[in-house]
Amino acid sequence: MKQSFLIILLIAAGICRANPEPPAKDKRPNIILILADDLGYSDLGCFGGEVQTPNLDQMAKAGIRFTQFYNISRCCPTRASLLTGMYNHDAGIGDMTTQKDNQAYKGHLGKDVVTIAEVLKEAGYQTAMTGKWHVSNTITQPNKEAQLRWLNHQEQHPLFSPIEQYPTNRGFDKYYGTIWGVVDFFDPFSLVEGTQPVTKVPEDYYHTDAINDKAASYIRDMAKEDEPFFLYVAQNAPHWPLHALPEDIEKYKNTYTKGWEAIREARFSRMAKMGLVDPKVTKLSPRHPDEISWADNPNKAWDARAMAVHAAMIDRMDQGIGRIFAALKETNELDNTLIVFLSDNGASAELCERYGPGFDRPGATRDGREIAYNTDKSVLPGPQTTFFSIGPHWANVANTPYRLWKSQSTEGGIHTPMIVSWPAAIKQKGSINSSRVSHVMDFMATFIELAGATYPKSYKGNTILPLEGKSFVSALKGKKDNGHEILFNEHEGAKYARQQNWKLVMTQGQKKWSLYDLSKDPTELDDLAAQFPEKVKSLSESWNNWARQHHVLPKPR
């Protein structure tokens, strides 16, 4: 009898070993990071704009808006800092993606830094990316004619940058997007899937839709697995060229006929009502001295159309983000997914039509139609056969209430709209965090803390630089967190040092530092440098020390 009972127990144990219980699903949060390109501070509806962004507005209602969040003021340096948790010079991209030295100006992410994807992958996360990479050296053809044939899709080449610098070789399991920065939204150059060039797109292709739809498909695939996922969605919109679908442009055909001043004042008024700015402290900065009034503008129809296309590009991006949210709901992943949305820099004042074709700008479509770069305003923006941008007048509006724009270290260049949503964890829904001074390099530390990951001292045989960003998880939990006591920046001569509320800043071409007290003057209108020379001296010395330590100076030429 005892022997029979023992046999039964052994058989039962064997069955258990043969059919073990499935492992429990990892309960760590999924993480989605969505980065817009050249989006102005006040473009979104939830930041005071008139553009229809219902999905991002809903995200703001369910989460937190951060109003003191900083970027690097330009596309690729911001991306380098965001991905690595480092100041961009330490990440290897001091300015753009052309290599100038082997240290701060490599023009690509160095081997002495790791990406968020590499760290989270080591911690057991699935990783995927869609959209704009723009943190690798650009391979070009030997002359302009050959380069234009490539840009115009008249000939093919296998690589757009060294393959070891592609996203799938920097921690991402899956990737769909463009390796370079500028794209034709209807037929983008440098489009790849994994490492393979995408040599043809459908006739109805629109890049913003493709980025977001591919992101949604990645979510559906990754949600089937037990491990959490990290998804980086790097939008190209609303970076120039002004390319949008006719039905989206139609929504805004009359919106901007009111002109620059009226739209800007209306935005500021809405921002005040939302609590994003305190009108008793924050003043609407004067328009740039070179800007003409709307009444004196001889090109009202063209300019109203240009901003309508800019709005349409943002609108379409929001529609696609809505499909990402829908995929999360469909897979029951929404509640336990941390979602972050921000812009890489302020809106751009560049007049891309003056550049003409070359380097990253095509001269003709795939089927041979010439692309217009007219400066005489005789061609309206929007279609594939045009390459235009909104220019400084509208960039000033997009960055309401701040001064200047992309590439500058004034608030209009470096101040980013930032929204965080995490339904299962954020209790202070719809709140505005105006106290924490944050920076794009903070994402690495934040995501490491949430994932229970470890920042490495070495990776693939390379010694890794110490992490520079700071986690803002405590701010997500509603705790007091002032963030960075001091921050620095430099981009092509524009620079700043911010210590608590004091900000020392120098614009491109300026020879003297300006000093502002941001607690009383957030829009940098009252230069206090002459009143507080000792503060200028101490902050400028701090900036110089930072620049030496981070190999900013002497800047290679």
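Just so it is clear, the values below take in all heavy atoms, side chains as well, and ignore hydrogens, waters and symmetry mates.
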Check for me whether the distance between the ring centres of Tyr175 and Tyr166 falls short of 6.0 Å.
no

Taking the ring of Phe359 and the ring of Trp180, is the distance between their centroids below 6.0 Å?
yes

Do Asn345 and Ser73 meet the criterion of a side-chain donor-acceptor pair at a distance under 3.5 Å?
no

Is the NZ atom of Lys253 crowded by more than 12 outside heavy atoms at less than 6.0 Å?
no

With sequence neighbours left out, what residues match Glu203 under side-chain contact (heavy atoms from CB on, under 4.5 Å)?
none

Quick one about Gln154 and Arg366 (side-chain donor to acceptor, distance below 3.5 Å, no hydrogens or angles considered), yes or no?
no

Would you say the ring centroid of Tyr206 lies under 6.0 angstrom from that of Phe186?
yes

Do you see a donor-acceptor pair shorter than 3.5 Å between the side chains of Gln384 and Asp184?
yes

Smallest heavy-atom separation, Arg305 atom then Gly382 atom, equals NH2-CA, 4.4 Å

Heavy-atom count around Lys251 NZ within 6.0 Å, excluding the residue itself: above 12?
yes

State plainly whether the residues Glu193 and Lys214 are in salt-bridge range, i.e. N to O under 4.0 Å.
yes

Of Gln319, His243, Arg316, the one forming a side-chain contact (heavy atoms from CB on, under 4.5 Å) with Thr208 is Arg316

Ring centroid separation Phe160 to Phe189 under 6.0 Å
yes

For Ser42, does its backbone N or O pair with a side-chain atom of Arg267 as donor and acceptor, under 3.5 Å?
yes

Test of understanding: with side chain to side chain donor-acceptor pair (under 3.5 Å), list the residues that count as partners of Glu330, not counting sequence neighbours.
Arg220

Table please: side-chain donor-acceptor pairs of residues 437-456 below 3.5 Å, with sequence neighbours left out.
residue, atom, partner, partner atom, Å
Ser438, OG, Arg436, NH1, 2.8
His439, ND1, Met441, N, 3.1
Asp442, OD1, Lys470, N, 2.9
Asp442, OD1, His484, NE2, 2.7
Asp442, OD2, Arg436, NH1, 3.1
Asp442, OD2, His439, N, 3.0
Asp442, OD2, His484, NE2, 3.2
Thr446, OG1, Asp442, O, 2.8
Thr446, OG1, Phe472, N, 3.0
Glu449, OE1, Ser471, OG, 2.6
Tyr455, OH, Leu465, O, 2.7

Derivation of the side-chain hydrogen bond (donor to acceptor under 3.5 Å, both in side chains) call for Asn212 and Gln235
CA-CA 8 Å; Asn212 292 314; Gln235 309 282 346; 2.7 Å; yes

Closest non-hydrogen atoms of Gly346 and Asn71, given as atom of the first, atom of the second and distance, are N-ND2, 4.4 Å

Using every non-hydrogen atom in the two residues, find where Pro381 and Ala306 come nearest and quote the distance to one decimal.
CG-CA, 3.8 Å

Taking side chain to side chain donor-acceptor pair (under 3.5 Å) as the test, write out the residues that go with Arg79, two or more places apart.
Asp344

Listed by chain and number, what are the side-chain contact (heavy atoms from CB on, under 4.5 Å) partners of Glu122, not counting sequence neighbours?
Tyr459

Among all residues two or more places apart in sequence or in another chain, which pass the side chain to side chain donor-acceptor pair (under 3.5 Å) test with Ser161?
Ser136

Determine whether the aromatic ring centres of Trp394 and His310 lie less than 6.0 Å apart.
no

Residues Lys460, Glu118: salt bridge by 4.0 Å N-O rule
no

